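Just so it is clear, the structure is predicted and the values come from calculations on it, not from any experiment. For ligands, and for the atoms within them, numbers begin at 1 and follow the listed sequence. The figures that follow rest on heavy atoms only: side chains count, while hydrogens, waters and symmetry mates do not. For this chain, numbers begin at 1 and follow the sequence in order.
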Amino acid sequence: MNILVTGAAGFIGSHLVRLLVNKYPNYTIVSFDALTYAGNLANLADVKDAPNHRFVKGNICSEEEVKNALEAYQITDIIHLAAESHVDRSIEGPMEFVHTNVVGTVNLMNQARAYWKTNEGHTFYHVSTDEVFGSLGEEGFFTETTAYDPRSPYSASKAASDHFVSAYYHTYGFPIKRSNCSNNYGSHHHPEKLIPLMINNILTNKSLPVYGNGTNVRDWLWVEDHARAIDVIFHQGAIGCNYNIGGWNEWTNIDLVHELCSIMDEQLNRQAGESAQLITYVKDRAGHDMRYAIDATKLHEELGWKPSITFEEGLRKTVQWYLEHQDWVNDVTSGSYQAYYNTMYKDR
Ligand code: NAD
Ligand code: TYD
């Protein structure tokens, strides 16, 4: 197999590529990424020069760049992760999300259809999010049959891309698989997102901006468990399948931030409770979804997948990674990040 992984230099993409390169020496894994602000070749440093790995800098919206990559590496399968991924940025500028997440996905499928000519023997795997299902109240879970109800520009763009993927399957028999996953955490997570942002701010003694009253709930999954789930579904899921992926691990934002503060107090030899003094409640995110929670029973029962580590263990590993990789953090937060941070948080 020659697998094109889009968004390979991002958070989840880089973990997936690492897994595939190491586990399948007989495959060629082609990392395809435009290296936007969210993409970083350093995320692939340990596998970049492996004999079964290639990197292509390219944009999923470009007919030419996608076509050239498919032809040059005789791509048999695609795992598609490239996207604009941050909800707050989608509120400030939705058009980029429409362009990359919707137009980019459709272009990728068009180029694959043209290059493959037949649907037999190929897979186009679309990596999506549970945010397409909208917001839950206190009870219930998202399942594979939950109706779509996206509420942020980000989730609307991912929902639109899911619908196009499904439409290509029904209309053209295009060989798709899809999964919708809950919030991931782990190493190489961009510091614009909740967990690394809090770790970074605790470390540098900056205030910890908790949106609204902090009671919004997210269902957190160790990123390597997400990569394992994609591997299992890619290899064992039937064409046309969709699976929800989640960690059965719901946390309110405020409890999670307190947990991070206490791990950091320990790691930095601070007094218990010291970091938590930095917590600041700030203006809520517009349209802030209240609760996400995934029921991953189908994936567990049909394909035997389940999360491999506890949240406590995963959070400690995550904190450790950030403390040991301050160069990475400094690199990623240099350039345009500071301006982004100031604009996003100054009026909150
Ligand atoms: P990320 O923002 O860390 O990485 C996105 C990657 O895509 C970056 O490397 C970026 O350079 C690349 N990219 C962006 N636009 C591109 C374009 N036009 N052409 C080529 N490459 C482009 O995102 P992530 O958190 O790793 O998410 C990856 C995928 O998983 C996304 O599709 C996202 O919707 C989905 N997802 C994420 C989560 C999560 O918790 N992070 C949960 C469920 C699903
Ligand atoms: P985020 O990491 O942006 O993921 P998503 O919006 O895709 O779930 O945010 C996770 C939760 O944390 C979400 O409820 C918003 C909240 N949040 C804050 O309270 N403060 C912050 O600075 C950020 C970035 C997020």
So for ligand 2, is [X] a polar contact partner (N or O within less than 3.5 Å, distance only)?
| X | result |
| --- | --- |
| Val210 | no |
| Pro209 | yes |
| Lys193 | no |
| Asn216 | no |
| Tyr345 | yes |
| Tyr292 | no |
| Glu192 | no |
| His288 | yes |

Six-ring centre of [Y], [X] cation under 6.0 angstrom, axis tolerance 45°:
| X | Y | answer |
| --- | --- | --- |
| Arg348 | Tyr211 | yes |
| Arg113 | Tyr172 | yes |
| Arg291 | Phe141 | yes |
| Lys206 | Tyr341 | yes |

Problem - Side chains of Ile12 and Val127 in contact at under 4.5 Å (non-hydrogen atoms) - result: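 Sidechains of Val127 and Ile12: no contact.
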
Looking only at protein heavy atoms, which one is nearest to [atom], and what is the separation?
| atom | result |
| --- | --- |
| atom 19 (O) of ligand 2 | Tyr211 N, 2.9 Å |
| atom 15 (N) of ligand 1 | Thr100 CG2, 3.5 Å |
| atom 33 (C) of ligand 1 | Tyr154 OH, 3.5 Å |
| atom 6 (O) of ligand 2 | Arg285 NH1, 2.5 Å |
| atom 2 (O) of ligand 2 | Leu194 N, 3.0 Å |
| atom 11 (O) of ligand 1 | Asp33 OD1, 2.5 Å |
| atom 2 (O) of ligand 1 | Ser85 OG, 2.7 Å |
| atom 36 (N) of ligand 1 | Ile12 CD1, 3.9 Å |
| atom 10 (C) of ligand 1 | Thr36 OG1, 3.3 Å |
| atom 32 (O) of ligand 1 | Lys158 NZ, 2.6 Å |
| atom 7 (O) of ligand 2 | Glu131 OE2, 2.6 Å |

Handout entry: Under-4.0 Å heavy-atom contact with ligand 1, by part of Asp130 that carries it
Key =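 Under 4.0 Å from ligand 1, Asp130 contributes no heavy atoms.
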
In ligand 2, which numbered atoms sit nearer than 4.0 Å to a non-hydrogen atom of [X]?
| X | result |
| --- | --- |
| His86 | 3 (O) |
| Val87 | 6 (O), 7 (O) |
| Asn253 | 11 (C), 12 (O), 13 (C), 14 (O), 16 (C) |

Handout entry: Whether over 12 other heavy atoms sit under 6.0 Å from Met290 CE
Key =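 Counting other residues, nucleotides and ligands, CE of Met290 exceeds 12 neighbours.
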
Parallel, tilted or perpendicular: which fits the ring planes of [X] and [Y], with parallel below 30° and perpendicular above 60°?
| X | Y | answer |
| --- | --- | --- |
| His188 | Trp321 | tilted |
| Phe234 | Tyr125 | tilted |
| Phe11 | His189 | parallel |

Decide whether an N or O pair under 3.5 Å exists between [X] and ligand 1.
| X | result |
| --- | --- |
| Phe11 | yes |
| Asn59 | yes |
| Cys181 | no |
| Asn40 | no |
| Ala82 | no |

Handout entry: Verdict with reasoning, His235 to Asp231, per side chain to side chain donor-acceptor pair (under 3.5 Å)
Key = CA-CA 6 Å; His235 285 96; Asp231 176 27; 2.8 Å; yes

In this structure, does ligand 1 have an atom that sits under 4.0 Å from one of the heavy atoms of [X]?
| X | result |
| --- | --- |
| Ser182 | yes |
| Val127 | yes |
| Ser128 | yes |
| Gly58 | yes |
| His190 | no |

Exercise for the section: May I ask whether Tyr154 places a heavy atom under 4.0 Å from ligand 2? Expected result: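 For ligand 2, residue contact (heavy atoms, under 4.0 Å) with Tyr154 is absent.
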
Practice task
Report the part of Asn183 in contact with ligand 2, treating N, CA, C, O as backbone and CB onward as side chain, heavy atoms under 4.0 Å; options are side chain, backbone, both, neither.
Solution key: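 For Asn183, only side-chain atoms sit under 4.0 Å from ligand 2.
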
Handout entry: Options Gly7, Ala83, Gly10, ranked by nearest heavy atom to atom 14 (C) of ligand 1, top entry
Key =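 Checking each option, the heavy atom nearest atom 14 (C) of ligand 1 is found in Ala83.
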
Practice task
Measure from atom 19 (N) of ligand 1 to every heavy atom in Asn184, Ile245, Ile60 and give the option owning the shortest one.
Solution key: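 Nearest heavy atom to atom 19 (N) of ligand 1 lies in Ile60.
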
Exercise for the section: List the steps, then state whether side chain to side chain donor-acceptor pair (under 3.5 Å) holds for Asn216 with Arg218. Expected result: CA-CA 7 Å; Asn216 301 67; Arg218 296 294 182 263; over 6 Å; no

Practice task
Taking all non-hydrogen atoms of both residues into account, name the closest pair between His80 and Ala82 and its distance.
Solution key: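 What the structure gives for the nearest pair is CE1-O, 3.3 Å.
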
Exercise for the section: Work out which heavy atom in Arg151 is nearest to a heavy atom in Asp289; give both atom names and the distance. Expected result: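 Scanning both residues completely, I find the closest heavy atoms to be NE-OD1, 3.1 Å.
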
